[in-house]
Participant: 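Take a look at the following structure, please.
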Amino acid sequence: MSAAPGSLGGERGVKARLASVLIGYGTLALAACVLAPLAGSTHINLARAFDRSIPFPDNVDAQIFFVARMPRVLTGAIVGSTLAAAGVVMQALLGNPLATPFTLGVSTGAALGAVLAITFGSSLPVGALASVPLASLAGAVVASAIVYVLATRPGRPISTMVLLLAGVTLNAFFSALILFVQYAADFTQAYRTIRWLMGDLDVGSFAPIVAALPLVVVALGIFAFLPRPLNLLSVGADSAATRGVDVGLTQRLAFFSASLATAAAVSLAGPIGFVGIVVPHLVRLMVGVDHRIVLPASALFGAAFLIGCDLIARTVLAPVEVPVGVVTAMLGGPFFLWLLVRRS
Amino acid sequence: MATRQAKLIRLVFVVFLLWGANPSGLESRGPERSAPLQTSNSGPARRVVSLVPNVTEMLFAVGAGAQVVGVSSYDDFPPETKALPRVGALLDPDTERILSLRPDLVVVYGSQTELETQFTRAGIRVYQYRHGGIDSILQAIRDLAGLTGHPAEGDRVVRQVRSQLDAIGMRVRGQRRPRTMLVIGRDAGALRGVYVSGGVGFLHELLDTAGGDDVFGDIKREAVQPSNETLIVRAPEVIIELHPGEQPAADALQKERAVWNLLASVPAVRTGRVHLLYGGYLVAAGPRIGRAAEALAGVLHPDTVK
């Protein structure tokens with residue numbers, strides 16, 4: 001890994017590379033979004049699916065395309081890109097290549113919320129939203145708030161060491177609470193909890209996507225301002241400060257946006273592992289370490305990666321499905337080890 | 001080195017001998033055969049602890065209710081169980097508490113093998129129950145009736161359940177069998193986390209008896225989690241959700257049923273044949289399966305049954 005990327009190299013060079021990366025990875029993500037709905041466990045007639053003269057309730061092909069596949073692929077795109085981008089930000093914020101979007105306890109908080117909803121809130125749908133995603137979002141917010149309060153002092157930069165320790169400890173604590181709730185739950189509830197923890201993109205309609213979208217947009221909007229200060233921060237907080245970076249503000253924005261992105265993704269599809277760690281590293285291998293390139297490239301590649309994993313999940317054993325979290329881990333795990341061995 | 005090898009051979013030999021001398025640990029799987037093989041003291045059991053709610057129900061049905069001295073944390077039927085000591089369940093059996101109740105028969109679930117070993121060592125009879133089809137439920141009723149000294153009553157209960165099921169089968173005979181999906185789990189307020197009955201187990205058999213064709217009958221598993229795509233493709237004509245709890249208020253019920261409207265092309269949705277049934281008896285593998293089959297038949301063939 002070369003040092004101090006951000007400020008080095010001409011602006012024009014970076015812009016040109018960014019343009020080529022956006023075109024390349026953007027095409028990949030777009031291709032995944034367009035092609036994935038065409039494949040599935042069953043064969044559909046596309047011409048019929050788009051034939052408006054057939055009433056929607058009579059058009060099975062259109063139903064499969066627009067109700068079963070499109071929301072699923074879109075969810076894959078959103079969750080994949082937010083988790084991958086949040087992974088990049090977390091790794092930069094914590095200065096640790098092993099950091100993931102789940103390192104600071106956000107996903108465990110979300111999981112605790114979901115487990116409580118599955119176990120105790122049998123029927124509490126609020127408007128278009130079901131109780132499980134809402135509770136997981138609430139859990140994620142509570143977890144981030146606790147970590148934030150523990151690790152920050154007003155007006156001072158965040159100690160990444162304290163942040164990391166607080167996050168890891170909270171993860172362990174919430175995991176224990178989850179086990180306790182599961183222990184109190186009956187067998188079917190415990191089973192549903194385990195299934196939720198494996199992740200699932202089959203959201204069933206566009207409503208959950210629409211509900212999560214504002215959070216994702218805000219998070220991605222903040223991400224857009226982060227690459228340059230993160231580049232400088234990755235050299236060292238002091239060095240970044242001397243170059244005019246407001247270290248405290250950058251850290252807070254990074255923490256807030258990454259937590260928000262993770263919370264939205266996890267409430268939408270459960271804690272799908274490995275996307276947030278494998279994709280950023282894979283992208284760095286291909287485009288270098290400049291966050292101005294890595295962040296957008298990871299977001300686009302993450303979308304394509306998760307859509308691809310879900311395509312495998314829903315077709316390989318059809319009509320039975322493999323949980324998508326199992327696919328990402330089975331593809332991501334060995335790959336990550338290979339990466340680790342190759343580097344060392 | 002040589003002595004170590006000799007010791008090892010001797011150890012393997014001893015283990016082999018013990019294994020051969022005590023085959024019950026190997027052959028006692030399944031409700032049909034386990035009970036008679038476990039007998040270490042004869043005579044009907046006087047103090048029974050049941051860790052499996054539907055087996056507790058069987059015990060009460062065959063007239064052994066007064067002999068039940070402890071039940072699992074989840075027992076709620078018949079109401080008499082509520083007054084009995086609770087001794088944990090599948091994942092958290094309280095061995096000490098069970099022993100303190102001085103049982104001479106303990107009913108455990110088939111996967112609780114460690115518990116079985118513990119009680120057998122303590123000289124307590126163990127009956128291992130495992131969920132299966134209708135036949136294995138009826139066999140378990142007979143086994144338990146025999147173990148508790150109520151064989152005639154057991155036969156009567158089995159005959160009664162059989163005749164209930166046969167009567168339902170007779171009434172729906174010759175009727176068109178709608179393609180049916182039996183939903184056994186779903187996230188509240190959303191079409192997510194849907195679990196359906198596959199082609200194995202008593203729920204599948206009850207559906208069959210009640211005159212429905214299981215759209216997931218070809219998948220030889222007790223529970224299947226299909227994707228929305230699969231739900232659309234399998235196109236059930238009737239969707240029946242089984243909820244073990246109490247029926248909610250009308251508007252909540254309406255909301256839960258409306259969840260399915262998303263799959264507009266599914267025949268059951270188009271014709272309004274989405275039914276949400278509530279009640280513990282629907283999913284209890286015990287003496288009330290006749291009633292469950294009747295509820296299913298009532299929904300599947302409303303003109304013939306009811």
Side-chain angles (χ1 to χ4, degrees), chain A residues 40-44 55-65 67-69 71-72 114 117-118 121-134 182-192 195-196 200-208 269-270 313-315 318-321 323, chain B residues 52-53 72-74 88-92 109 111 184-196 198 215-216 218-221 223-235 243-249 252-253 255-256 258-267 269-271 283:
Chain A
S41 53
T42 39
H43 176 73
I44 60 167
F56 191 62
D58 293 333
N59 196 338
V60 176
D61 300 80
Q63 283 256 305
I64 292 177
F65 191 84
V67 175
R69 292 189 189 167
R72 207 169 161 150
I118 289 170
S122 56
S123 183
L124 297 164
V126 182
L129 297 171
S131 54
V132 174
L134 270 185
Q182 262 190 303
Y183 198 64
D186 76 27
F187 202 64
T188 49
Q189 289 163 339
Y191 185 76
R192 294 175 81 78
R195 182 63 191 84
W196 187 86
D200 179 21
L201 296 171
D202 199 9
V203 292
S205 73
F206 291 102
R314 62 195 164 93
T315 52
V320 179
E321 276 200 46
Chain B
V52 190
S72 86
S73 326
Y74 299 114
L90 186 65
L91 301 174
D92 58 345
Y109 195 74
S111 56
I184 50 180
R186 176 174 63 76
D187 284 2
L191 206 54
R192 298 193 69 176
V194 174
Y195 280 88
V196 302
V215 288
F216 287 99
D218 60 317
I219 302 177
K220 297 298 172 203
R221 286 161 61 163
V224 183
Q225 190 191 17
S227 64
N228 284 311
E229 176 164 347
T230 311
L231 294 183
I232 295 171
V233 173
R234 296 271 165 145
H243 295 268
E246 302 262 309
Q247 180 158 332
L253 188 68
K255 225 178 230 172
E256 287 298 327
V259 162
W260 290 98
N261 292 346
L262 205 63
L263 308 182
S265 72
V266 170
V269 177
R270 303 186 66 177
T271 56
V283 289

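Naming: A, B, ... by sequence-line order, numbering from 1 per chain.
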Participant: Under 4.5 Å, counting heavy-atom pairs only, tell me which of Ile232(B), Leu191(B), Asp218(B) racks up the most with chain A.
Facilitator: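 Heavy-atom pairs under 4.5 Å are most numerous for Ile232(B).
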
Participant: Below 4.5 Å, heavy-atom pairs only: which of Leu231(B), Val194(B), Leu263(B), Val259(B) has the largest tally toward chain A?
Facilitator: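 Among Leu231(B), Val194(B), Leu263(B), Val259(B), the one with the most close pairs to chain A is Leu263(B).
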
Participant: Quick one: what part of Tyr191(A) sits under 4.5 Å from any heavy atom of chain B, side chain, backbone, both or neither?
Facilitator: side chain

Participant: Given a strict heavy-atom distance threshold of 4.5 Å, which part of Tyr195(B) is in contact with chain A: side chain, backbone, both, or neither?
Facilitator: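 Contact with chain A involves the side chain of Tyr195(B) alone.
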
Participant: Identify the heavy atoms of Asp202(A) and Ala68(A) that sit nearest to each other, and give their distance.
Facilitator: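 Heavy-atom minimum between the residues: OD1-O, 4.1 Å.
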
Participant: Using side chain to side chain contact (heavy atoms under 4.5 Å, CB included), reason through Trp196(A) and Asp187(B) one step at a time and then give a plain yes or no.
Facilitator: CA-CA 10 Å; Trp196(A) 187 86; Asp187(B) 284 2; 5.6 Å; no

Participant: Which one, Pro57(A), Gly204(A), Pro319(A), Ala62(A), leads in non-hydrogen pairs under 4.5 Å with chain B?
Facilitator: Pro57(A)

Participant: What pairs with Arg270(B) under side chain to side chain donor-acceptor pair (under 3.5 Å), at least two apart in sequence or on another chain?
Facilitator: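 Expected list: Asp58(A).
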
Participant: Can you list the residues that meet the side chain to side chain donor-acceptor pair (under 3.5 Å) rule with Asp61(A), with sequence neighbours excluded?
Facilitator: Arg48(A)

Participant: With a 4.5 angstrom heavy-atom cut-off, which part of Ile219(B) approaches chain A: side chain, backbone, both or neither?
Facilitator: side chain

Participant: Can you tell me if Arg314(A) uses its side chain to pair, donor with acceptor, with the backbone of Ser227(B) under 3.5 Å?
Facilitator: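 Not at all, since once roles are kept as given, no pair shorter than 3.5 Å links the two residues.
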
Participant: Is Val60(A) in contact with chain B via its backbone, its side chain, both, or neither, using a 4.5 Å heavy-atom distance?
Facilitator: both

Participant: Checking heavy atoms, do the side chain of Ile184(B), its backbone, both or neither come under 4.5 Å from chain A?
Facilitator: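 Contact with chain A is absent: no heavy atom of Ile184(B) under 4.5 Å.
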
Participant: Would you find a donor on one side and an acceptor on the other, under 3.5 Å apart, between the side chain of Gln63(A) and the backbone of Ala264(B)?
Facilitator: yes

